[in-house]
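Index from 1, following the sequence.
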Amino acid sequence: MREKELRLALVCYGGVSLAVYMHGITKELWRLVRASRAFHDGAASELGSEAIYRNILERIQAEKGMRLRVLIDIIAGASAGGMNGVFLGHAISTGQSLEPLTDLWLDKADVEILLDPDARPLSRFSKIWAVPFAWMLARRRGGAVERTVAPETRAEVRRKLSGFVRARWFNPPFGGPTFSHLILDAFDAMAKSEAGPPLLPPRQPLDVSVTVTDFHGHNQRLRLHSPEKAEEREHRLTIGFTDRGFDGRKLADPAELTFAARATASFPGAFPPFNVAELDSVLKARKRDWPGREAFLHRIFPRAAVSGSPEDLVLIDGSVLANAPFRPAIEALRNRPARREVDRRFLYLDPTANVQAPPERHSDGIVRLPGFFSTIFGAISTIPREQPIRENLELIEQRSVRIAQTRRIIEAIRPEVDAAVGAAMGRQILLYRPSAERIGLWRQRAHAQAARQAGFTYAGYGQLKLTTIVEELAAMIALLAGIEESSEQLGIRRKLSALLADRGFEEPDALRGGDTSDAIVEFFRRHDLGFRIRRLRFLADRLTEIESAHGGRDHPGVQAARDAIYASLAPYLALQMRDHYEPPVAAAARRFAEDPETALSSIASIRDLEKLDVETDRAIAAVLPRLDRRDRRTLLLAYLGFGFYDLATLSLIRAQGAQEFHSIQVDRISPDDAGSIRQGGATATLKGIELNLFGAFFCRAYRENDYLWGRLHGAERMIDVLMSTLPEERGFTAEEIRHLKRSLFHAIVDEERGRLSSIGPQIDEIEREIG
């Protein structure tokens with residue numbers, strides 16, 4: 001049975017009141033992941049859509065020969081998307097339920113609750129002079145309310161719109177502390193729910209990040225030629241949380257998660273800016289402690305914490321400068337463990353794709369220039385939020401292109417490499433049960449052969465290896481020492497390079513094919529972690545080719561080999577994580593500037609790479625007899641000959657660093673992409689897009705509508721993504737996929753009918769459209 005992990009990295013955009021729609025989507029993703037966890041644990045699944053997902057996974061295993069597990073291990077969000085991402089991450093880490101959030105969203109995400117108590121009209125005579133403005137907005141014939149609001153909900157929308165317009169002017173109408181209290185209420189409700197197991201396997205990390213905007217900004221140091229040092233003002237901040245998956249896993253204290261959610265969703269003009277003092281006062285009012293306060297503030301605001309003034313920072317909505325936070329998600333790809341084949345997807349949630357107001361025109365059809373306030377608002381809010389993501393997607397595409405180029409090179413040189421390795425080993429390589437000791441000797445002999453045959457090119461490869469090792473060690477020393485300033489990290493790299501130069505590593509004859517200095521060889525053996533990881537990932541890819549090209553011949557043996565490869569890879573990957581190192585190693589890293597030799601020897605001692613090499617040899621030797629002769633030879637040649645391949649491809653894959661060595665595909669969830677029930681995108685399905693994306697705050701029926709469509713759209717797109725993980729020859733037919741979607745849609749509607757009491761007729765209409 002072929003095993004595969006579908007790993008989802010979510011990127012959640014902002015969307016103001018479409019936060020309710022995104023809650024529907026993230027809740028459906030949560031249900032899929034819960035069904036996957038229950039399926040793999042052999043536990044019972046819930047009813048509704050989870051039962052449908054469970055059935056799909058069982059069919060994929062029984063009919064398609066693939067055991068698929070679905071994980072969400074990276075979440076990055078901005079504004080409303082960031083808030084939903086924080087809730088989802090907390091549920092994944094703790095096993096708590098997202099169900100209590102639905103009632104909170106539907107009941108509490110309302111303008112009458114969100115308004116600051118000091119801003120609410122106290123009577124119908126409050127701000128009597130503003131009544132004409134409210135009347136003009138809410139009651140004029142052909143206006144937004146009359147055009148877009150159903151007759152049965154117009155009275156509610158008009159009443160709330162009137163109160164909103166007559167709230168305080170020139171101050172944000174929504175209350176900051178009110179918002180913080182609601183977020184804490186949500187975490188409290190989740191804590192009271194019946195919790196299940198975490199939704200990630202042990203030691204599988206979860207990374208959650210949100211973007212925020214530092215209103216005043218902070219200085220960043222630049223290194224130039226002239227002047228040698230300069231500073232620039234940076235306003236972008238990312239608040240990140242990591243759960244490494246150890247016993248008692250926990251993403252963060254709810255107070256810290258509330259801090260992140262409140263900060264990222266401080267939409268300019270609607271909510272007041274956020275600072276530390278607001279959360280302190282809210283926690284004090286709730287008589288609630290925040291035990292990790294100082295450590296948290298120091299971690300996310302290191303520069304301010306050093307100066308003793310994190311409380312002075314003023315934060316506003318993360319989507320002002322980074323509404324599509326792909327970069328934090330891409331950076332989180334580093335240091336991911338791998339236990340089986342991985343299908344990595346970037347899944348981004350864009351609730352407002354292609355939603356835009358048409359340009360205003362004069363009576364003669366010529367486009368009207370935007371007015372004074374429209375220009376200012378667009379410049380400071382709308383335009384920055386809508387910057388395209390092309391550069392991020394191109395970065396992901398370039399990564400995939402490099403991987404494809406690498407594989408073409410490997411295919412081109414494979415016959416010569418196999419011949420060279422075979423010649424070096426002689427007929428001994430055909431041994432049925434080669435011992436671990438023999439494999440270890442063959443491995444060293446093949447590596448020496450690769451160096452000799454490389455000739456003068458080996459010097460360039462060796463220097464590149466040294467540079468790669470120095471970069472990895474410098475990053476680890478900085479991680480252990482808690483150094484985040486880029487200029488200080490550069491200083492570590494320079495000191496390491498100088499140390500190696502003092503050892504003679506840069507001498508002209510230090511790196512020669514077949515005659516490399518003993519000191520450099522010893523350095524590679526003790527510190528070249530990246531080579532070991534690349535070798536095992538290369539071996540896993542070769543095993544996938546064996547399985548695919550030969551119809552998975554000898555399934556038990558192939559699966560045993562896969563288990564051995566990923567079990568061997570896991571400890572190497574663990575060495576990239578801070579948690580693996582004891583306090584004395586971290587202390588040595590902090591003293592690196594004074595005593596670099598001790599820091600390096602401490603890291604090398606903990607890693608003990610040569611011992612792991614022996615254990616890997618044993619694992620490979622143990623599974624070879626379980627493969628047939630042809631596959632055994634193919635796998636062994638790949639393992640022994642990796643040095644040849646690394647010589648040819650390191651320059652290409654070096655840019656990947658410690659990231660997953662697989663191509664990444666990008667999928668989107670938006671109203672435009674989910675047309676099985678109703679075509680027309682957001683305009684045809686969502687109500688929250690009205691009133692400049694604030695519509696759902698004014699009407700419960702709007703929130704119910706958008707939440708339901710969020711679940712339906714999320715379900716449809718996840719079926720599409722699940723189906724795309726299957727090889728084309730093993731896929732479901734189009735009719736089977738349509739049937740799966742209909743079953744899932746009906747299950748969701750049946751689940752929600754009793755809860756969504758304000759949109760009964762709309763639910764009936766949706767059910768007729770489902771068919």
Side-chain angles (χ1 to χ4, degrees), residues 15-28 80 83-84 87 98-117 119-121 134 137-139 143-167 173-175 178-179 181-183 185-186 189 265 267 270-271 351 671 682-714 748-767:
V16 197
S17 78
L18 291 179
V20 183
Y21 171 73
M22 284 188 283
H23 167 64
I25 294 175
T26 55
K27 183 174 174 180
E28 202 57 32
M83 183 165 51
N84 275 291
F87 288 137
L98 281 181
E99 285 293 344
L101 291 187
T102 300
D103 290 331
L104 285 170
W105 277 114
L106 298 179
D107 294 339
K108 305 295 186 181
D110 190 277
V111 66
E112 291 185 331
I113 294 174
L114 294 172
L115 278 178
D116 191 301
R120 296 170 187 169
L137 287 171
R139 298 184 179 276
V145 173
E146 184 174 302
R147 284 186 291 105
T148 61
V149 178
E152 62 271 17
T153 59
R154 284 177 189 166
E156 177 188 1
V157 173
R158 283 170 173 156
R159 174 175 57 80
K160 293 177 179 177
L161 186 59
S162 173
F164 182 77
V165 170
R166 292 186 294 121
F174 295 152
T178 301
F179 194 13
H181 275 294
L182 290 176
I183 296 171
D185 288 344
F267 190 82
F271 292 98
T683 304
T685 55
L686 304 185
K687 297 294 187 182
I689 62 174
E690 300 301 336
L691 303 176
N692 202 27
L693 302 182
F694 279 78
F697 292 149
F698 286 89
C699 181
R700 180 187 173 94
Y702 277 19
R703 296 192 290 279
E704 291 185 4
N705 174 85
D706 289 2
Y707 160 70
L708 178 59
W709 277 111
R711 286 200 65 185
L712 294 169
H713 287 168
I748 291 170
V749 170
D750 289 343
E751 280 185 77
E752 298 295 350
R753 186 182 292 277
R755 189 202 318 255
L756 307 180
S757 56
S758 302
I759 57 169
Q762 290 95 314
I763 292 178
D764 292 337
E765 183 180 355
I766 290 172
E767 199 158 40

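Checked against a 6.0 Å centroid threshold, the rings of Y21 and H713 count as neighbours.
Shortest non-hydrogen contact noted between P671 and T685 is CB-OG1, 4.2 Å. Scanning both residues, R755 and R700, for their nearest heavy atoms gives O-NH2, 4.0 Å. Taking both residues in full, the closest heavy atoms of A19 and A80 are given as CB-CB, 3.5 Å, listed atom of the first, atom of the second, then distance. In terms of heavy atoms, A265 sits closest to M83 at CB-CE, 4.4 Å. The nearest pair of heavy atoms linking L712 to I766 is CD1-CG2, 4.0 Å. When all heavy atoms of A186 and L101 are compared, the closest pair comes out as CB-CD2, 3.3 Å.
Rounded to the nearest 0.5 angstrom, E751 CD and T102 OG1 are separated by 10.0 Å. The line from OG1 of T178 to CD1 of I183 is 11.0 Å long, rounded to the nearest 0.5 Å. Interatomic distance, CZ of F87 versus NE2 of H23, reported as 9.5 Å (0.5 Å rounding). Interatomic distance, OH of Y707 versus CG of L18, reported as 16.0 Å (0.5 Å rounding). In this structure, CD1 in I748 is found 12.0 Å from CD1 in I763, a value given to the nearest 0.5 Å. Atom OG1 of T26 and atom CG of L98 lie 6.0 Å apart (nearest 0.5 Å).
With contacts defined as side-chain heavy-atom distances shorter than 4.5 Å, the pair V111/F694 does not qualify.
Relative ring orientation between F179 and F271 is described as parallel, the plane-to-plane angle staying below 30° on a 0-90° scale split at 30° and 60°.
Residues meeting the side chain to side chain contact (heavy atoms under 4.5 Å, CB included) test with A696, sequence neighbours left out: S17, Y702, R703, D706. Take E767 and apply the salt bridge (charged side-chain N to carboxylate O under 4.0 Å, His left out) test, not counting sequence neighbours, and it matches R753. Listed by chain and number, the residues in a salt bridge (charged side-chain N to carboxylate O under 4.0 Å, His left out) with D750 amount to none (sequence neighbours excluded).
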Item checked: Worked verdict on I113 versus L182 for side chain to side chain contact (heavy atoms under 4.5 Å, CB included) -> CA-CA 10 Å; I113 294 174; L182 290 176; 4.3 Å; yes
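Using a distance-only test at 3.5 Å, with no hydrogens or angles considered, no donor-acceptor pair links the side chain of E28 to the main chain of G714.
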